[in-house]
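The next block holds one structure in the form of C-alpha cells; read it before the comments.
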Protein chains: 2
Amino acid sequence: MRSIVLTFGLIILSCLILFEVAKFSLIKHTLPIELMVGIFAALFLVIGILIAGKRGPAPAREPDKEPASPSPVFGIDQQKIDALGISRREYEVLQEIALGLSNQEIAAKLFVTESTIKTHISSLLVKLDAKRRTDAVRIAKELKIIN
Amino acid sequence: MRSIVLTFGLIILSCLILFEVAKFSLIKHTLPIELMVGIFAALFLVIGILIAGKRGPAPAREPDKEPASPSPVFGIDQQKIDALGISRREYEVLQEIALGLSNQEIAAKLFVTESTIKTHISSLLVKLDAKRRTDAVRIAKELKIIN
DNA sequence: TCCTTCTTCATACGAAAGTATGAAAAGCGC
DNA sequence: GCGCTTTTCATACTTTCGTATGAAGAAGGA
C-alpha cells in the first residue's frame, strides 16, 4: 500500500516537472507541438506497460467488459491466467517447465529451494487440471497462456 | 499475425485522427495545451496497459499451426527426423510424450510394455540431445519435427 | 487490526522417469 | 546366409517427480 502511494507520487511528481519544462519550451517555440505530444504519449505508453507488468494478484476482478477479441491478439491471454487463479510465481515456474528444466534447475534459476518449486508445480497441476508437467505444458499452450 | 497487424493498424489510425482533431482544436484555442497533452498521455497510458496485459515475454515464437485437421506432413520436417536418426517407432513415442502421456499410458496406447517405451525414450533423449522428456518436447517443437 | 493469499520451506513417502546392460526376434540389403 | 538396424522385453538401480502435511513470514484488502 505504502509502496504504491510512493511509486505513484514519484511518477506524478516527475511528470509535473517534465510538464512544466515542456510548456516552457513550447512557449519559446523551441519545440513543435507534435513532438511535444508525441513525447508525452510515448512516455505514458511506457509507464502503462510498466504498471501493467507489475500485475498484482487479480486486482479487483470485476465482471469483465468483453475485450472483443476472442483470439488473443498479442499472444498471451492474461485474463485466462487470472481466471485459473495462477499466481505470478506459479506462472514463472510454468514457463520454466515449458523450457524443459528440472525442478532443481528451476529452483536454482529462481533462487528458491526445490521444495518450493514442487509446491508451486503441485498447485499448477491442479489449476491446469493436468496429471504431469508435460501435460501441463500442453494444456497451457492450448490455452495460449504460454508461448 | 494478421490480427496483430490489424490491431496495430487500427490503433495507429485512430491515434492519427485524434491527433489531427486535437491540433485543429488547439489552433482555434478551444482547448488548453495542458488538457491536450493530458488526454494523449492518458490515452497512451491505457494503450500501454492493454498491450502489456496481452503480451508475452516474446521469445520469438512462431504460432502453432492448426492441430490435426490438416495433414501433419505440412510443417513437419521429415528430413530432420531422418538426419537425427529417429526411427519410426521412436517418433511415435515422441508424439505421445508431447501429448503429456506417461510411459505407462504410451505403452498401453502402442500395445507394448513400459519397458519398451523407456528404451525408446532413452534413445530419443540422446538423439535430441535432451535431458528430460519436457526438454525433448521443446527441442522437437523448435526443430519443427512435431506439431 | 484482522483475515486471506502468496510465497517460502521442510520432511516423508509413493510413483514415475531415466540409465545400464543384455538379449532375442524380425526385416533388409548385399 | 551374414551383417546391420529396428523393435521388443527384462532386471536392477538411481534419480526425479509429485503428493501430503504442516508451518511461518510478508503483503494487501476489508
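All chains are named by letter (A, B, ...) in the order of the sequence lines, taking the proteins before the strands, and each is independently numbered beginning at 1.
Between A:Arg89 and A:Val112, some side-chain heavy-atom pair lies under the 4.5 Å cut-off. Using a 4.5 Å cut-off on side-chain heavy atoms (C-beta onward), A:Ile86 and A:Ile145 make contact. For the pair A:Glu90/A:Ser123, a side-chain contact is recorded, criterion being any heavy-atom separation below 4.5 Å from C-beta on. A heavy-atom distance below 4.5 Å is found between the side chains of B:Leu143 and B:Ile139. Within the 4.5 Å cutoff, side-chain heavy atoms of A:Lys141 are placed close to those of A:Ile146. The closest side-chain heavy-atom distance from B:Leu128 to B:Leu94 is below 4.5 Å.
Between A:Asn103 and D:dT16 there is no side-chain N or O to OP1 or OP2 distance below 4.0 Å.
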(message) Determine whether B:Val137 and A:Val137 satisfy the following criterion, side chain to side chain contact (heavy atoms under 4.5 Å, CB included), listing intermediate values before the conclusion.
(response) CA-CA 10 Å; B:Val137 170; A:Val137 171; 5.7 Å; no
Whether each nucleotide of nucleotides 7-15 of chain D has a protein heavy atom under 4.0 Å at its base (B), only at its sugar-phosphate (S) or at neither (-) is summarised, 5' to 3', as SBBBB----
In B/S/- notation (B base, S sugar-phosphate only, - none; protein heavy atoms under 4.0 Å), nucleotides 25-30 of chain C written 5' to 3' is ------
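Checked by atom type and distance alone, the side chain of B:Lys127 pairs as donor or acceptor with a backbone atom of B:Gly85 at under 3.5 Å.
Atom CD1 of A:Ile117 is separated from atom P of D:dT19 by 15 Å (rounded to the nearest Å). Taking atom CG of A:Asp82 as the reference point, atom C1' of C:dT5 lies 14 Å away to the nearest angstrom. The nearest whole Å value for the distance from the CG atom in B:Leu84 to the P atom in D:dT6 is 13 Å. Look at CD on B:Glu105: it is 13 Å from C1' on C:dA15, rounded to the nearest Å. Between the CG atom of A:Leu94 and the C1' atom of C:dT7 there is a distance of 17 Å, given to the nearest Å. Going from atom CD of B:Gln104 over to atom C1' of D:dC17 covers 15 Å, rounded to whole Å. In this structure, the CD1 atom of A:Ile106 is 16 Å from the C1' atom of C:dT8, given to the nearest Å.
Following chains of ILVMFWY side-chain contacts shorter than 4.5 Å, one can reach B:Leu110 starting from B:Leu99, so the two form part of one hydrophobic cluster.
Nearest nucleotide to the A:Ile121 side chain, out of D:dC17, C:dG18, D:dG18: D:dG18.
Taken residue by residue, residues 126-136 of chain A places heavy atoms nearer than 4.0 Å to DNA chain C at A:Arg132.
Pairs passing the salt bridge (charged side-chain N to carboxylate O under 4.0 Å, His left out) check and including a residue from residues 103-122 of chain B, sequence neighbours excluded, read A:Arg132-B:Glu105, B:Glu96-B:Lys109.
Note on the helix from C:dT1-D:dA30 to C:dC30-D:dG1: angle between the axes of the first and last five pairs equals 60°, rounded to 10 degrees.
Under the 3.5 Å distance criterion, with hydrogens and angles disregarded, a donor-acceptor pair is assigned to the side chains of A:Thr113 and A:Thr116.
Note that CD1 of B:Ile97 and CG of B:Leu124 are 6.0 Å apart. Values are rounded to the nearest 0.5 Å.
The side-chain hydrogen bond (donor to acceptor under 3.5 Å, both in side chains) test applied to A:Ser122 returns no partner, not counting sequence neighbours.
The pair B:Arg138-B:Glu142 meets the salt-bridge criterion, since a charged nitrogen lies less than 4.0 angstrom from a carboxylate oxygen.
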